[in-house]
Amino acid sequence: MLKKGSKLNSILTGTCPRCQEESMYEDKNPYNIKKIYKMNDHCSHCGLHYQIEPSFFYGAMYVSYGLTVGIGVAVFIISKFFIGLELNQSIIAIFLTLVFSMPVTARLSRNIYINMFVSFNKDSAKK
């Protein structure tokens, strides 16, 4: 499932989508808020420039929106129907979940977005 060369591997690990050898981020910890969006300019292994064009990652906002809506709906269903919380408590659960998962969803949305445009190249991985 997370074999090298799969998009899912690159998305979940935050590695270069072309060679999957190196992290795209300066700091691998998404909860280091000061460096949450700090990315390397390019992959030192295969040379892929992560900022494909100016303002490239603005498109990741749409992916982030979809992720947060999906998480919010999932938390609502779990808290309301499986746990049995009241509506106000479910809203608080959604809010807290989204606040604490924001760094992860921000990075995941960037990872998903760049993987929509760049594919794994096994020749780049061998360098």
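Every side chain to side chain contact (heavy atoms under 4.5 Å, CB included) that S90 has, sequence neighbours left out, goes to F76, S79, K80, L85. For T13, the side chain to side chain contact (heavy atoms under 4.5 Å, CB included) test picks out N9, T15, with sequence neighbours left out. Partners of S23 according to the side chain to side chain contact (heavy atoms under 4.5 Å, CB included) rule, which considers only residues two or more places apart in sequence or in another chain, are Y25, K28.
There is a path of hydrophobic side-chain contacts, each under 4.5 Å, that joins L108 to F117. There is a path of hydrophobic side-chain contacts, each under 4.5 Å, that joins I78 to I91. Under the 4.5 Å side-chain heavy-atom criterion for ILVMFWY residues, no single connected hydrophobic cluster contains both M102 and L67. Placement of L96 and I71 in two distinct hydrophobic clusters is found when ILVMFWY residues are connected by side-chain heavy-atom separations under 4.5 Å, directly or transitively. Cluster membership check: F100 does not share its hydrophobic cluster with I36, using side-chain heavy-atom separations under 4.5 Å among Ile, Leu, Val, Met, Phe, Trp and Tyr.
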Output side-chain donor-acceptor pairs under 3.5 Å for residues 52-64, partner residues at least two apart or in another chain, one line each.
none

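Within the 3.5 Å criterion, the main-chain N or O of K7 finds no donor-acceptor partner in the side chain of S10. For the pair Q20 (side chain) and S6 (backbone), a donor-acceptor distance under 3.5 Å is present.
Residue pairs that meet the side chain to side chain donor-acceptor pair (under 3.5 Å) test with at least one member in residues 96-107, sequence neighbours left out, do not exist here. Among residue pairs with one or both ends in residues 29-44, those qualifying as side chain to side chain donor-acceptor pair (under 3.5 Å) are E22-S44, D27-N32; sequence neighbours excluded.
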(request) Mind running side chain to side chain contact (heavy atoms under 4.5 Å, CB included) on Y50 and C43 for me, showing each step along the way? (result) CA-CA 8 Å; Y50 298 128; C43 177; 3.2 Å; yes
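To the nearest 0.5 Å, atoms CG (N115) and SG (C16) are separated by 9.0 Å. The CZ atom of R18 lies 4.5 Å from the CG atom of L48; values are rounded to the nearest 0.5 Å. Atom CG in N111 sits 11.0 Å away from atom CG in L8 (nearest 0.5 Å).
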